[in-house]
Amino acid sequence: MFNIRKFEIKDAEKIKELFKELTDKPINFQAELLVNNKAIHCRVLESEGDIIGFASLTMYPVPTKGMIGRIEDVVVSSVYRGGGLGRKLMEDLIEIAKQEKLEYLNLTSNPNRIAARNLYESLGFQIAETGFFWIKL
């Protein structure tokens, strides 16, 4: 039995371990910034009390587009992949975005994550024809 629920501060250590499946770089996971922030919806996926997945939706206004959302850090434990659980997490966030009346949802995905990219496309996400710029401050 699988359950999707709101992220709680007590989940932080398990989520940090799960993130190691996303990256081998140091993670700056600040759970306390996520728990009470009304602009962020974090979800955990549980199986028999174990956290096996995580995903987040951040909402913010953009002057030319209205309220939009950004999905980040979607991960399902490698032991459970391939069973549609990532889809369930994404559908949960999409439903929240609809309830919040967001205009757009966006996300980025590493080109090497073929299964994830196929999932996003199957949910209706389109690859944007744009460059992505960032700077570490």
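If you read the sequence from its start, that first residue is 1, and numbering goes on from there. Hydrogens, waters and symmetry mates play no part in the numbers below; they use all other heavy atoms, side chains included. None of the values given here were measured: they were computed from a predicted structure.
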Any carboxylate oxygen within less than 4.0 angstrom of a Lys/Arg side-chain nitrogen, looking at [X] and [Y]?
X: Arg5; Y: Asp11; value: yes
X: Arg81; Y: Glu21; value: yes
X: Arg70; Y: Glu72; value: yes
X: Lys88; Y: Glu91; value: no
X: Lys20; Y: Glu17; value: yes

(request) Go through the steps to decide whether Ser77 and Leu18 satisfy the test side chain to side chain contact (heavy atoms under 4.5 Å, CB included), and finish with yes or no. (result) CA-CA 7 Å; Ser77 170; Leu18 192 58; 3.9 Å; yes

Just verifying a value: how many Å separate [X] [atom1] and [Y] [atom2], rounded to the nearest 0.5 Å?
X: Met90; Y: Leu123; atom1: CE; atom2: CG; answer: 5.5 Å
X: Ile4; Y: Leu89; atom1: CD1; atom2: CG; answer: 4.5 Å
X: Arg113; Y: Leu119; atom1: CZ; atom2: CG; answer: 9.5 Å
X: Leu105; Y: Leu57; atom1: CG; atom2: CG; answer: 6.0 Å
X: Thr58; Y: Ile71; atom1: OG1; atom2: CD1; answer: 9.5 Å
X: Met67; Y: Met59; atom1: CE; atom2: CE; answer: 6.0 Å

ILVMFWY network linking [X] to [Y], side-chain heavy atoms under 4.5 angstrom:
X: Ile27; Y: Val44; answer: yes
X: Leu85; Y: Val75; answer: no
X: Ile96; Y: Val35; answer: no
X: Ile40; Y: Ile15; answer: yes
X: Ile127; Y: Leu107; answer: no

Is it the case that over 12 heavy atoms from other parts of the model lie below 6.0 angstrom from the [atom1] atom of [X]?
X: Glu95; atom1: CD; result: yes
X: Leu33; atom1: CG; result: yes
X: Gln126; atom1: CD; result: no
X: Phe132; atom1: CZ; result: yes

(request) Of all the heavy-atom pairs spanning Leu93 and His41, show the shortest one and how long it is. (result) CD2-O, 4.1 Å

(request) Compare every heavy atom of Ala31 with every heavy atom of Phe7, then report the nearest pair and how far apart it is. (result) CZ-CB, 3.7 Å

(request) Taking the side chain as every heavy atom from C-beta outward, state whether Glu100 and Lys98 have any pair of such atoms under 4.5 Å apart. (result) no

(request) Find out whether Met1 and Glu48 are in side-chain contact, i.e. whether some heavy atom of one side chain is under 4.5 Å from a heavy atom of the other. (result) no

(request) Could you verify whether a donor N or O on one side chain and an acceptor N or O on the other, from Ser122 and Arg87, lie under 3.5 Å apart? (result) yes

(message) Treating Asp50 as the side-chain partner and Ile52 as the backbone partner, does any N or O pair qualify as donor plus acceptor under 3.5 Å?
(response) no

(message) Check whether Ser47 reaches the backbone of Phe2 with its side chain - one donor and one acceptor, N or O, closer than 3.5 Å.
(response) no

(message) Suppose we screen for ring-ring contact (aromatic ring centres under 6.0 Å, His included). Which residues come up paired with Tyr104, at least two apart in sequence or across chains?
(response) none

(request) Taking ring-ring contact (aromatic ring centres under 6.0 Å, His included) as the test, write out the residues that go with Tyr60, two or more places apart. (result) none

(request) Check the pair Gln99, Lys101 against side chain to side chain contact (heavy atoms under 4.5 Å, CB included), reporting the backbone distance first and the verdict last. (result) CA-CA 5 Å; Gln99 291 170 6; Lys101 298 183 177 18; over 6 Å; no

(request) Might you work through the side chain to side chain contact (heavy atoms under 4.5 Å, CB included) test for Tyr120 and Val74, ending with a clear yes or no? (result) CA-CA 11 Å; Tyr120 304 143; Val74 178; 3.7 Å; yes

(message) Would Leu22 and Asp73 count as a side chain to side chain contact (heavy atoms under 4.5 Å, CB included) here? Give the steps.
(response) CA-CA 8 Å; Leu22 281 178; Asp73 300 322; 4.3 Å; yes

